[in-house]
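Both counts, for ligands and for their atoms, begin at 1 and track the order of listing.
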Amino acid sequence: MRIERIELRELSLRLRERFEISSGWTEARRIVLVSLHADGCTGWGECVQGESPNYSYETTDTAWHILTDFVLPAVVGLDVGEPSEVVGPVEWIRGHRMALAGVEMAAWDLWAKLSGVPLAEAIGGSVKALPVGVSIGLQATDDDLLRKVEGYLAEGYAKIKMKIKPGRDVEMLGRVRERFPEAPLMVDANSAYTLNDVPRLEELDGLGLLMIEQPLAHDDYLDHARLQDRMSTPICLDESIRCLGDARLAAHLKACRIINIKPGRVGGFRESLRIHDFCRSAGMPVWCGGMLESGVGRAHNLALASLPGFTLPGDISASRRYWEQDIVTPEFELSDGAMQVPEGVGIGVEPDLERIDSITVRSAAFQ
Ligand code: OSB
Ligand code: MG
């Protein structure tokens, strides 16, 4: 397929409620969408970086810069065989995997559409409906958190993830566990702790959590290994895993027992599949995380999560959990605690162009 035209857009999309993690919060997403055109078809991708460099060094503005100044001028006009080849000409770029992932995944959507198959099938997935989880940001009070957990359990979510930070952890989680003795609970610290907090983290071991996600620094594998050695709760790495090499290092050092794969974080589907395959052969369970994506990014995540190694529910929640109105139709919903993998070609949901135009704050085109 020959990439005839590329459109880049930044959208402003307000969350239904503020989402707070240990290192910051967001109320309105600044979403970067990529669309690739070939042979009368359009492939869509979403870049998942945040508004500020707290989760990763990438931001909306760095993604815009990398894409408009380096990536898209090199990609437009390209003849692409296997979809990941679309980023071949810019493999020399160091990092900026979130910016690149939006383009790589758009090429997969385009290729699946041109081949007449669902995206999930194009990348090797097979499961038709998946149990999914929800990620709850830091709340003002424990009671607010208890209400949220209760509501999401009632909606049928199969995994409840709560954000934690020092001072908002052991006591708060004790109350949640007391109230919901059997619930599938986990926590995510987004790197808020150090090895000095080991005594506190060890107290989490008694709470029956499925896992503790990214307790320590994003770039510290050795300390995660030391912590995992002292805790019986599995550690799951998120920020630390940017590529297959990171997953191999983490497995070798026993820095974690579970990996959260976000295709938007690792550069797209090719790297996600590599990590998935490695983890499967290493006996390491994986699940698909989220980055507060719009329906476009969510569709990509859902396709990835339909692969066989994804044995734990992902942070792939209903559109309604994030937005008053999503930018795709139909919106993503839960039925019986599961999310249906779309059966249409490509991402299987239709970006609502009128709505997208109405919330576009800047755009660029390459042809
Ligand atoms: O650490 O998983 C994270 C959102 C933004 C940045 C980092 C994270 C998250 C989430 C949200 O937990 C998951 C979702 O999209 O529902
Ligand atoms: Mg996380």
R16 charged N/C atom sitting above W323 aromatic ring, 6.0 Å / 45°: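 Negative - R16 is either too far from the ring of W323 or too far off its axis.
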Quiz item: cation-pi between K159 and W287, 6.0 Å / 45°: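 Output yes; distance and angle both within limits.
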What is the nearest protein non-hydrogen atom to [atom], stated with its residue, atom name and distance?
atom	answer
atom 13 (C) of ligand 1	G290 O, 3.4 Å
atom 16 (O) of ligand 1	Y322 OH, 2.6 Å
atom 12 (O) of ligand 1	S135 OG, 2.9 Å
atom 7 (C) of ligand 1	Y55 CD1, 3.5 Å
atom 15 (O) of ligand 1	L292 N, 2.8 Å
atom 6 (C) of ligand 1	M291 SD, 3.6 Å

Atom pair CD (Q228) and CG (L216), whose distance is rounded to the nearest 0.5 Å: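 One finds 10.5 Å between CD of Q228 and CG of L216.
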Near [X], which atoms of ligand 1 are under 4.0 Å from a heavy atom of that residue?
X	answer
E213	2 (O)
D238	1 (O), 2 (O), 3 (C)
N190	1 (O), 3 (C)

Pairs flagged by ring-ring contact (aromatic ring centres under 6.0 Å, His included) wherever residues 137-183 is involved - sequence neighbours left out: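 Every pair satisfying ring-ring contact (aromatic ring centres under 6.0 Å, His included) with a residue in residues 137-183: Y152-Y157.
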Non-hydrogen atom of K262 closer than 4.0 Å to ligand 1: yes
Sub-4.0 Å heavy-atom approach of E239 to ligand 1: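 Distance cut 4.0 Å: E239 fails for ligand 1.
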Residue pair L138, I21: steps toward the side-chain contact (heavy atoms from CB on, under 4.5 Å) verdict: CA-CA 6 Å; L138 287 159; I21 69 175; 5.6 Å; no
Ligand 1 versus I316: contacting region, heavy-atom distance under 4.0 Å: neither
V134 contact mode with ligand 1 (heavy-atom cut-off under 4.0 Å): neither
Electrostatic pair D142-R168, nearest N-O below 4.0 angstrom: yes
Lys/Arg-Asp/Glu bridge criterion (N-O < 4.0 Å) met for R175, D143: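 Salt bridge: yes.
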Full working for side-chain contact (heavy atoms from CB on, under 4.5 Å) between C256 and Y221: CA-CA 9 Å; C256 64; Y221 304 85; over 6 Å; no
Non-hydrogen side-chain atoms of F310 and I261 separated by less than 4.5 Å: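 F310 vs I261: side chains touch.
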Test item: V34 and W44 side chains (from C-beta on) under 4.5 Å apart, heavy atoms: no
side-chain contact (heavy atoms from CB on, under 4.5 Å) between L334 and R320, intermediate numbers included: CA-CA 10 Å; L334 240 69; R320 188 75 197 144; over 6 Å; no
Please confirm whether [X] comes within less than 3.5 Å of ligand 1 when only nitrogen or oxygen atoms on both sides are compared.
X	answer
I21	no
R321	no
K161	yes
F19	no
N260	no
K163	yes

Considering only N, O or S atoms of D188, the one closest to the Mg ion (ligand 2):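 Nearest N/O/S atom of D188: OD2.
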Check: I275 main-chain N/O paired with R248 side-chain donor or acceptor under 3.5 Å: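 Flag not set: sc R248 to bb I275 has no pair under 3.5 Å.
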side-chain hydrogen bond (donor to acceptor under 3.5 Å, both in side chains) contacts touching residues 296-311 (sequence neighbours left out):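 Sorted pair list: E293-N301, R298-Y322.
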2.8 Å cut-off met by an N, O or S atom of D315 to the Mg ion (ligand 2):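 Not a single backbone or side-chain N, O or S atom of D315 is under 2.8 Å from the Mg ion (ligand 2).
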The Mg ion (ligand 2): angle it makes with OD2 (D238) and OE2 (E213), nearest 10 degrees: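 The two atoms form an angle at the metal of about 90°.
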